[in-house]
Structure formats: structure tokens, C-alpha cells
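A short worksheet on the structure shown next.
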Amino acid sequence: MKTTEFRQQAHQLVDWMADYLEQVGQYPVLPAVKPGDILAQLPALPPAQGEPFADIFADFQRVIVPGMTHWQHPGFHAYFPANSSPPSVLAEMLTATLAAQCMIWQTSPAAAELEERVMEWLGHLCGLPSGWSGVIQDTASTATLCALLTARERATAWQANQAGLNGLGAFTVYCSSETHSSVEKGVKIAGLGRQHLRKIEVDDQFALRPEQLQAAIAADRAAGLRPLAVVATVGTTSSCAVDPLRAIAHLCQAEGLWLHVDGAYGGTATALPELRPLIDGLELADSYVFNPHKWMLTNFDCTAYFVKDKAALLRTFEIMPEYLKTGIDQQVNNYRDWGIQLGRRFRALKLWFVLRSYGAEGIRCIIKGHNQLAQQFAAALLARQHYQILAPVNLNLVCFRYAPAHLREAEWETLNPQLLAQLNQTGQVYLSHTRLAGRYTLRAVFGQPTNTEAQVANLLRLLDEQVARLPMQ
Ligand SMILES: Cc1ncc(COP(=O)(O)O)c(C=O)c1O
């Protein structure tokens, strides 16, 4: 493609993008497609000759868009959001245009130094402990794996890296029963053995119980195992529960364990000074992750990973082949040594665009608004009387179920999956579910920049309509 055509097509694409962002609420949030529908429309073999861009773009609109789940739809209340914003999208266009591979300082000095600066900005914005160092990773799963690997290396004086895990004993890792599955995945990949992950009981707020943690550590020590690390969560996936960081951190210090804090979702909330108590005790931990790609207007992927001891991180991941050596390695951050991958995207640019476009106050205003919408939604459900709120509404997530008094638990258990399916079939909203204390639970997150009170009202109206259509009324 010549640049003259690129220029013309790019203008057309940007128009499409702006229209999409304006009209995304008019698409069905969930596409009405069956498995294989899209595949059936795609030729089995790649084209032998290049095709006109207009044809490719036409197929994008005809085949791809109707098969997409619209994550930026105002009715997207499922899982956690992966919200975005126009400045983030614009930066992503520039990133793709520069197409830089930012593995070391020399391969893109501005990318390396911007990353250093925006991570400092994020730390400041979110009230993180001073003196920590930050790096951008692709996902929280990767960051958590990095934490487990660094914990493993510190505990073995870097012998696992050198000689493998043989003969080092069995290491145990602790988290709550509500912890995200990425921890279990990390434990598997780090060679620690899934059977050595202890999922500690939670309290009635779904937060880890420190006394149970202490007992589990003691039992493992008595059995000759080697307690290694604890992962605490700020904003669990099912209910946004917050583990008691300070108590857990004291335990970790007393026991000599690595403490990694998973704030993948909840971390964004501490941009609000009044929500800093969520990370009270973080300064005693070893590592922390949160995802600007979930709730901080930065399109996927962009994970912020912070560590107290940068040297331990580097010593775990550093590798120095001749072809990557430069004369200034001692003076700069070579981010290839701060994690697993060598090649790195220029993710700092979109974060910079977002932080500058909204400013701390703009971001705070959006987060605060989301939390208020969740409170309003929860209050409206309770006012309807036939609903139960199944977890504290800590942030912008409401966990609830339809529980009419004239029916029993077993019937609630069959009605709620049906209610969820009906709601999602409307095409106007998308909610997901979980189980809390064994109960089938509907989850509604308010995390779209476009979410307003009108969307709360819309969701309530849809709930009323769909409840009326349930059997056994
Ligand atoms: C608490 C928590 N931790 C970790 C993750 C994994 O995030 P990522 O997709 O960035 O690996 C999630 C995903 O929703 C999460 O909710």
C-alpha cells in the first residue's frame, strides 16, 4: 500500500472509529452468533494475490463486527471492564505507526524513559509506597508469575535459576479461596506444583482470614515444606473483596515470605485518596500489580507491575547475550530484564496520553462516578425487596440475586441463571455470574466511561421486564 492510499484509508477508518464510539450502544452487546459462524465465512486458504483495501474493510464490517462482543458498550457489565478512551486509541495508532520494538533502551530510548516516568506518575497517582520501581507488563497474570519467580529465586539464593528445582524441597504458596486463577497458573508454570498452593478460607466479606493463613503456614512447616509466598488481593474477581493487607504483611515479615499483592482490578481505585485504605500495609509487601487496562481508560493490554527490590527482579530475569550488549547498559533501564519477554510493545505511550488527557482529577471523577452508580443500583435493588445483595459493594461491582420470598433457595438457584440468560439475550446488556458462598450470583459492574444514571435505570428496567417473564411467578 502506498502512503497516498494509506492516508486516504486512514481518514476513512478514523471516521468509522469515531462513528463506532458514538454508536456502540446501538450494537447488541453480545453477538448473536453460534460457534463456527465466523469461521464459515473465512476462506480456508490465504489469498494468492493481494486484495484491495476496500474489500478487506468491507469484510471487516460484514464479517467481523457482527461477531464481536462490544466491550465499550454502555451495557457491558460483565466480568471486569477493559475500558478504553479516545486518547488511548489515538496513542495506539501512533504506537502501531512507529512499530518500535522496545526491548532495550537503545532500541527506543524515548519509550524506555517514558515508561520510567509514567510508572512514577502512576505510583504517585495511586498512592503507592515511595522508592518502588515500576514496569509495564502485558497482563496481571504475567506480573504475578514474575513475582512468584522472583520469590522462588530470592528464597533459593538464585539457585533454582542456576541448577533447577531438584533437591531444593517443596515450596508452598498461599492465597485465598477467592483469589484469581492466574495465581494457580503461575504456581504451575513456576515449577512449584499446583498441589502446593493453599487456598485459605475467607470470612463473610470474602476476604482472606489471617489466622487461617497462619495455621496453614505452621502446618506446612511442621510437615517439612518450605512456605514461600502469599498472594493477597485488592478487589477479588468474584466480588471485589479486599484482603487485610497489613495483617497479612506482618505475618509474611515474621515468616520471611514474599508478599505479592494482586490489585489487578481494585488498584485503579486508589487514585481516589479516600480509597487508599484499600492498600494500607502495601509498603510492607514485596510486589504489586494493577491493570490500567481494566478500569483506567487505557485499552488492553497495559499492566503496571511494581516491586520494592528492583535488583531482585533484575537478577531473576537478567540474561546478557552478546548481541544485546550495549555500551550504556549500566546507565539505563533495559526493560527486557524486568520480565519474561524480550520483545516489548510501546505501551507507555497510551498511558501517557490517558494520564495527560484526563489528569488525576479527570480519572478520579470517573472512578468515583462508577462507584456511586454501583451504590445507586444496589439501593434500587434492595428497594425492590425481591433481591439480595450477596457481597459488600466495595467498589463499582454489585453481586446480587433475585430471591422472591415466596420461593426457596433451590428455586432461586434455577431462576437466576435463567434471568441472566434472558437479560443477555436482550442485546442491551451483558452481565456475568459467579458463585459466592455456594450461591449462584449475578454480577453487574459499572465501569464504562459512558456509564451514567441512565444506564442504571436501563438495567433496572430490563431486570423488571425479564423477571416478569420468568416461570413460576
Ligand atoms: C483479581 C484479578 N487478578 C488477575 C486477573 C488477571 O488479569 P490479566 O487478564 O491481566 O492477566 C484478573 C482478571 O480479571 C483479576 O480479576
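Just so you know, ligand 1 is whichever comes first in the structure, and atom 1 is the first atom listed for that ligand. Quick note: numbers below take in every heavy atom, side chains included, and nothing from hydrogens, waters or symmetry partners.
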Go ahead and list the nitrogen or oxygen contacts between ligand 1 and the protein that come in under 3.5 Å, distances to 0.1 Å, or just say none.
residue	atom	partner	partner atom	Å
ligand 1	3 (N)	Asp262	OD1	3.2
ligand 1	3 (N)	Asp262	OD2	2.6
ligand 1	7 (O)	Lys294	NZ	3.3
ligand 1	10 (O)	Ala140	N	2.8
ligand 1	10 (O)	Asn291	ND2	2.9
ligand 1	10 (O)	His293	NE2	3.3
ligand 1	11 (O)	Ala140	N	3.4
ligand 1	11 (O)	Ser141	N	2.9
ligand 1	11 (O)	Ser141	OG	2.5
ligand 1	14 (O)	Lys294	NZ	3.4
ligand 1	16 (O)	Thr237	OG1	2.9

Quick one: do Lys368 and Glu361 make a salt bridge, cutoff under 4.0 Å? no
- prompt: Do Arg364 and Glu274 meet the salt-bridge criterion of a basic N to acidic O distance under 4.0 Å?
  reply: no
Which of parallel (below 30°), tilted (30 to 60°) and perpendicular (above 60°) describes Tyr79 and Trp71? parallel
List the atom pairs, with distances to 0.1 Å, where a side-chain N or O of residues 284-292 and a protein N or O form a donor-acceptor pair under 3.5 Å, not counting sequence neighbours.
residue	atom	partner	partner atom	Å
Asp286	OD1	Arg154	NH1	3.2
Asp286	OD2	Leu259	N	2.8
Ser287	OG	Trp258	NE1	2.9
Ser287	OG	His260	ND1	2.8
Asn291	OD1	Thr303	OG1	2.5
Asn291	ND2	His293	NE2	3.1

Any chance you could lay out the side chain to side chain donor-acceptor pair (under 3.5 Å) test for Thr142 and Thr139, step after step, and finish with the verdict? CA-CA 5 Å; Thr142 303; Thr139 60; 3.1 Å; yes
Rounding to 0.5 Å, atoms OG1 (Thr156) and CG (Leu165) come to a distance of 7.5 Å
